[in-house]
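What follows is a single structure, written as structure tokens, with notes after it.
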Amino acid sequence: MQLDETDRKLLTLLTDNARVPVATLARKLGLARTTVQARLERLEESGAIAGYTLRLGEVVRPRIRATVLVSIELRSGPAVLQRLKTLSAVETVHTCSGRVDLIVQVAADSTSELDETLDLIGETRGVKGSESLIHLATKLDRARA
């Protein structure tokens with residue numbers, strides 16, 4: 001599906017606030033409400049919009065976040081991933097190219113919970129090594145939830 005300039009503007013507005021009423025979107029885009037509604041339906045049906053979600057604010061997010069760079073043994077990926085799925089502090093796991101095999105995003109409510117999670121990751125069968133990077137302050141967040 002090809003996105004035109006109007007589709008991109010619409011997606012940008014929704015990225016800023018997915019709860020904006022269609023009438024407000026229409027006014028900001030200079031289009032009829034029915035046109036915007038039809039575009040939204042087309043974007044949803046094509047998969048350009050996969051869903052609408054909630055992004056928690058800093059007030060309710062866990063206070064300590066970390067990125068863990070994990071090196072694993074050959075052919076141990078599925079077992080390591082299965083173990084990571086059982087750890088509640090693990091939010092996302094990405095495979096990657098480069099000197100490490102996995103990028104694991106962790107969020108904890110305390111340093112002891114973070115420490116325990118890091119220990120559990122390191123003890124996982126198939127993990128050769130890990131390096132953790134503690135997030136201090138968010139300077140820019142363009143994440144598209």
Side-chain angles (χ1 to χ4, degrees), residues 1-72 76-124 126-127 129-145:
M1 172 185 172
Q2 287 284 50
L3 299 179
D4 64 15
E5 183 67 23
T6 302
D7 289 332
R8 292 186 195 289
K9 287 179 183 176
L10 177 57
L11 291 172
T12 298
L13 290 170
L14 289 172
T15 299
D16 292 339
N17 181 359
R19 294 188 65 195
V20 174
V22 175
T24 303
L25 293 170
R27 189 170 45 257
K28 288 183 177 187
L29 294 170
L31 299 171
R33 193 190 71 69
T34 54
T35 302
V36 172
Q37 186 64 49
R39 280 182 179 264
L40 286 171
E41 289 170 8
R42 182 176 52 81
L43 290 167
E44 290 167 357
E45 289 169 6
S46 72
I49 295 176
Y52 301 88
T53 188
L54 172 70
R55 284 180 42 193
L56 296 176
E58 292 294 327
V59 174
V60 293
R61 281 190 201 157
R63 296 184 311 163
I64 303 168
R65 305 179 71 74
T67 297
V68 186
L69 307 176
V70 180
S71 297
I72 61 174
S76 65
V80 172
L81 179 59
Q82 194 59 38
R83 174 65 174 141
L84 293 174
K85 287 180 179 179
T86 69
L87 304 178
S88 61
V90 172
E91 290 186 326
T92 62
V93 179
H94 304 276
T95 57
C96 60
S97 62
R99 66 180 180 84
V100 298
D101 303 298
L102 301 173
I103 299 174
V104 181
Q105 297 292 327
V106 176
D109 290 321
S110 66
T111 55
S112 60
E113 180 186 354
L114 177 61
D115 187 43
E116 180 181 340
T117 301
L118 295 174
D119 285 346
L120 291 170
I121 291 171
E123 294 169 358
T124 300
V127 170
S130 66
E131 177 183 351
S132 51
L133 308 165
I134 309 302
H135 300 198
L136 298 177
T138 302
K139 303 295 185 178
L140 175 67
D141 184 359
R142 290 188 181 149
R144 300 189 191 274

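The figures here come from the full heavy-atom set of this structure, side chains too, leaving out hydrogens, waters and symmetry mates. Values in this document were obtained by computation on a predicted structure and should not be read as measured data.
The CZ atom of Arg39 sits 5.5 Å away from the CZ atom of Arg42 when rounded to the nearest 0.5 Å. Atom CD of residue Glu131 and atom CG of residue Leu118 lie 11.5 Å apart, to the nearest 0.5 angstrom. Here the straight-line distance linking atom CG of Leu87 with atom OG1 of Thr124 works out to 6.5 Å at 0.5 Å rounding.
When side chains are defined from C-beta on, Leu40 counts as touching Leu14, because their heavy atoms get closer than 4.5 Å.
Under the rule for a side-chain contact (heavy atoms from CB on, under 4.5 Å), the partners of Leu102 that lie at least two apart in sequence or sit in another chain are Val70, Ile72, Val80, Leu84, Val93, Thr95, Val104. Glu44 pairs by the side-chain contact (heavy atoms from CB on, under 4.5 Å) definition with Ile49, Tyr52, not counting sequence neighbours. Residues that satisfy the side-chain contact (heavy atoms from CB on, under 4.5 Å) test with Leu13, not counting sequence neighbours, are Leu25, Lys28, Leu29. Partners of Asp119 according to the side-chain contact (heavy atoms from CB on, under 4.5 Å) rule, which considers only residues two or more places apart in sequence or in another chain, are Asp115, Glu123. The side-chain hydrogen bond (donor to acceptor under 3.5 Å, both in side chains) test applied to Gln105 returns Thr67, not counting sequence neighbours.
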Derivation of the side-chain contact (heavy atoms from CB on, under 4.5 Å) call for Leu69 and Arg99: CA-CA 9 Å; Leu69 307 176; Arg99 66 180 180 84; 3.6 Å; yes
Worked verdict on Thr6 versus Thr35 for side-chain contact (heavy atoms from CB on, under 4.5 Å): CA-CA 11 Å; Thr6 302; Thr35 302; over 6 Å; no
side-chain contact (heavy atoms from CB on, under 4.5 Å) assessment of Asp4 paired with Asp7: CA-CA 5 Å; Asp4 64 15; Asp7 289 332; 3.2 Å; yes
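When every heavy atom of Glu113 is checked against every heavy atom of Ala89, the shortest pair comes out as OE2-CB, 4.0 Å. Of all the heavy atoms in Ile103 and Cys96, the pair that sits closest is CG1-SG, 3.8 Å. Across all non-hydrogen atoms, the minimal contact from Ala48 to Leu3 is CB-CD2, 4.4 Å. Annotation for Leu114 and Ala108: closest pair N-CB, 3.6 Å, computed over non-hydrogen atoms. Nearest heavy-atom pair across Glu91 and Ala107 is OE2-CB, 3.5 Å.
The side-chain hydrogen bond (donor to acceptor under 3.5 Å, both in side chains) contacts involving residues 76-85 comprise Arg83-Thr86, where partners must be two or more places apart or lie in separate chains.
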